[in-house]
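Structure, as structure tokens:
Labels below follow one simple rule: chain letters A, B, ... track the order of the sequence lines, proteins then strands, and each chain is numbered from 1.
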Amino acid sequence: MGGGKQTEEIINILKQELQKFESPAIIIIAREKKDPFRVLISTILSLRTKDKTTISASKKLFGVADSPKKILKLNKKEIEKLIYPVGFYRRKAEQILKISGILITDYNGKVPDKINELLKLPGVGRKTANLVLNEGFGKLAICVDTHVHRISNRLNLVKTSEPEETEFALQKVLSKKHWIVFNTLLVTLGQNICTPVSPKCSLCPIEKYCPKMGVGKHR
DNA sequence: AAAACGGGGGC
DNA sequence: GCCCCAGTTTT
């Protein structure tokens with residue numbers, strides 16, 4: 001299935017050239033301790049939030065409680081205080097409590113490793129679920145967020161209007177060995193170079209593969 | 001002052 | 001399918 005020489009080249013170049021940039025927040029957090037629960041909770045925290053904020057809030061929270069059981073010993077106010085600088089902190093505190101309760105009662109305290117089960121949890125959509133499968137469990141999944149969606153379309157790897165379409169379109173285009181790294185590479189590229197507005201095309205290591213080369217400003 | 005931030009849920 | 005969410009940082 002799929003691959004394409006050009007896609008291979010793009011991924012290889014990105015692997016080489018993006019090493020100098022900091023990894024996305026969830027990768028950094030997962031690197032410290034590979035634990036699906038930490039990936040899940042920090043991904044919730046990262047929603048519409050900058051990486052630096054996500055990392056510091058995650059550290060604060062996990063310093064106090066990094067398991068469903070420990071989370072449930074806290075009340076909502078205490079969690080809010082720990083995660084405070086992230087956006088939507090009240091909603092997220094509630095979701096973290098609810099998720100922890102559900103994990104205890106329905107899943108024996110473990111994060112499920114099936115996407116349909118993950119999607120039942122409050123605050124968990126496809127992006128979060130796939131990232132948990134991907135980074136938490138090392139399972140084959142393509143996590144599509146705004147960066148992956150935007151850049152995949154800029155490169156004409158896919159022609160889609162919604163992230164969910166992108167996920168399924170990429171499954172046909174990408175060879176499976178790249179499914180897990182793809183998200184990290186494109187997020188890193190998207191945060192540092194191929195930004196939503198005013199992308200730094202002159203710094204882009206794959207500019208020659210980009211159909212919008214030289215446009216300078218594109219969506 | 002305004003836009004941006006690795007979405008998701010409610011209607 | 002549209003609209004709202006929440007507070008901090010960057011432009």
**Request:** Any strand is fair game: report the nucleotide pairing with B:dG6 by Watson-Crick or G-U wobble, both distances under 3.5 Å, or none.
**Result:** none
**Prompt:** Between atom CD1 in A:Ile99 and atom C1' in B:dG9, what is the gap in whole Å?
**Reply:** 13 Å
**Request:** Using a heavy-atom cut-off of under 4.0 Å over every strand shown, decide if A:Val124 touches base, sugar-phosphate, or nothing.
**Result:** sugar-phosphate
**Message:** With a 4.0 Å cutoff (strictly under), does any side-chain N or O of A:Thr128 reach OP1 or OP2 of B:dG7?
**Reply:** no
**Prompt:** Where each residue is assigned the nucleotide of DNA chain C containing its nearest heavy atom, which of A:Lys50 and A:Glu162 is assigned the position nearer the 5′ end?
**Reply:** A:Glu162
**Message:** When the P atoms of B:dG8 and C:dT8 are compared, how many Å lie between them, rounded to an integer?
**Reply:** 23 Å
What nitrogen or oxygen pairs link the protein and nucleotides 4-6 of chain C at under 3.5 Å?
from	atom 1	to	atom 2	distance (Å)
C:dC5	O2	A:Arg91	NH1	3.4
C:dC5	O2	A:Arg91	NH2	2.9
C:dA6	O4'	A:Phe88	N	2.9

**Message:** Suppose you measure atom C1' in C:dA6 against the same atom in B:dA4; what distance do you get, rounded to whole Å?
**Reply:** 13 Å
**Message:** Considering every strand and a 4.0 Å limit on heavy-atom distances, what is the contact class for A:Pro122: base, sugar-phosphate, or nothing?
**Reply:** sugar-phosphate
**Prompt:** Considering heavy-atom distances to DNA chain B, does A:Leu121 or A:Thr54 have its closest nucleotide positioned more toward the 5' end?
**Reply:** A:Thr54
**Separation of atom NZ in A:Lys52 from atom C1' in C:dT9, rounded to whole Å** = 9 Å
**Message:** For residues A:Ile99 and A:Ile83: do they belong to one hydrophobic cluster (side chain heavy atoms under 4.5 Å, members Ile, Leu, Val, Met, Phe, Trp, Tyr)?
**Reply:** yes
**Asked** Does a donor on one side chain and an acceptor on the other come within less than 3.5 Å for A:Tyr209 and A:Gln6?
**Response** no
**Prompt:** Rounded to the nearest 0.5 Å, how far does CG of A:Leu131 lie from OG of A:Ser46?
**Reply:** 7.5 Å
**Message:** What's the separation between atom NZ in A:Lys200 and atom OG in A:Ser198, rounded to the nearest 0.5 Å?
**Reply:** 9.5 Å
**Prompt:** Looking only at side chains, do A:Asn134 and A:Asn183 share a donor and an acceptor under 3.5 Å apart?
**Reply:** no
**Request:** Would you check if the side chain of A:Arg91 reaches a backbone N or O of A:Gly123 as a donor-acceptor pair within less than 3.5 Å?
**Result:** no
**Request:** Could you please spell out the steps behind the salt bridge (charged side-chain N to carboxylate O under 4.0 Å, His left out) verdict for A:Lys120 and A:Asp106?
**Result:** CA-CA 11 Å; A:Lys120 289 181 193 167; A:Asp106 294 354; over 6 Å; no
**Asked** For A:Gln95 and B:dG7, what is the distance between atoms CD and P respectively, to the nearest whole Å?
**Response** 14 Å
**Message:** Expected output is a numbered-order residue list: members of residues 16-33 of chain A with a heavy atom under 4.0 Å from any atom of DNA chain C. What is it?
**Reply:** none
**Complete:** Distance col, row A:Gln191:CD vs A:Lys50:NZ, nearest 0.5 angstrom, shows 9.5 Å
**Message:** Between P on C:dT9 and CD1 on A:Ile55, what's the gap in Å once rounded to a whole number?
**Reply:** 14 Å
**Asked** Atom NE2 of A:His149 and atom P of B:dC5: how far apart are they, to the nearest Å?
**Response** 14 Å
**Message:** Testing the 3.5 Å rule here: is there a donor-acceptor pair between the side chains of A:Thr160 and A:Thr166?
**Reply:** yes
**Prompt:** Given B:dC5, B:dG6, C:dG7, which nucleotide is nearest the side-chain atoms of A:Tyr84?
**Reply:** C:dG7
**Prompt:** Can you list, by residue number, the residues of residues 182-189 of chain A that have a non-hydrogen atom closer than 4.0 angstrom to DNA chain B?
**Reply:** A:Asn183, A:Val187
**Request:** Scan side-chain atoms only and decide if A:Lys92 and A:Thr49 contain a donor-acceptor pair under the 3.5 Å cut-off.
**Result:** yes
**Asked** Over how many whole Å does the gap from A:Glu167 atom CD to B:dG7 atom C1' extend?
**Response** 14 Å
**Request:** Would you mind reading off the distance between A:Asp51 atom CG and C:dG7 atom C1', rounded to a whole angstrom?
**Result:** 17 Å
**Prompt:** Does A:Lys76 come within less than 4.0 Å of A:Glu80, counting only side-chain N to carboxylate O?
**Reply:** yes
**Message:** Any base atoms under 4.0 Å from A:Thr53, or only sugar-phosphate, or nothing? Heavy atoms, all strands.
**Reply:** nothing
**Asked** Atom CD1 in A:Ile79, atom NZ in A:Lys60: separation rounded to 0.5 Å?
**Response** 13.5 Å
**Asked** Expressed in angstrom and rounded to an integer, what is the separation of A:Lys127 atom NZ from B:dC5 atom C1'?
**Response** 11 Å
**Message:** If the threshold is 4.0 Å, N to carboxylate O, is there a salt bridge linking A:Asp66 and A:Arg38?
**Reply:** yes
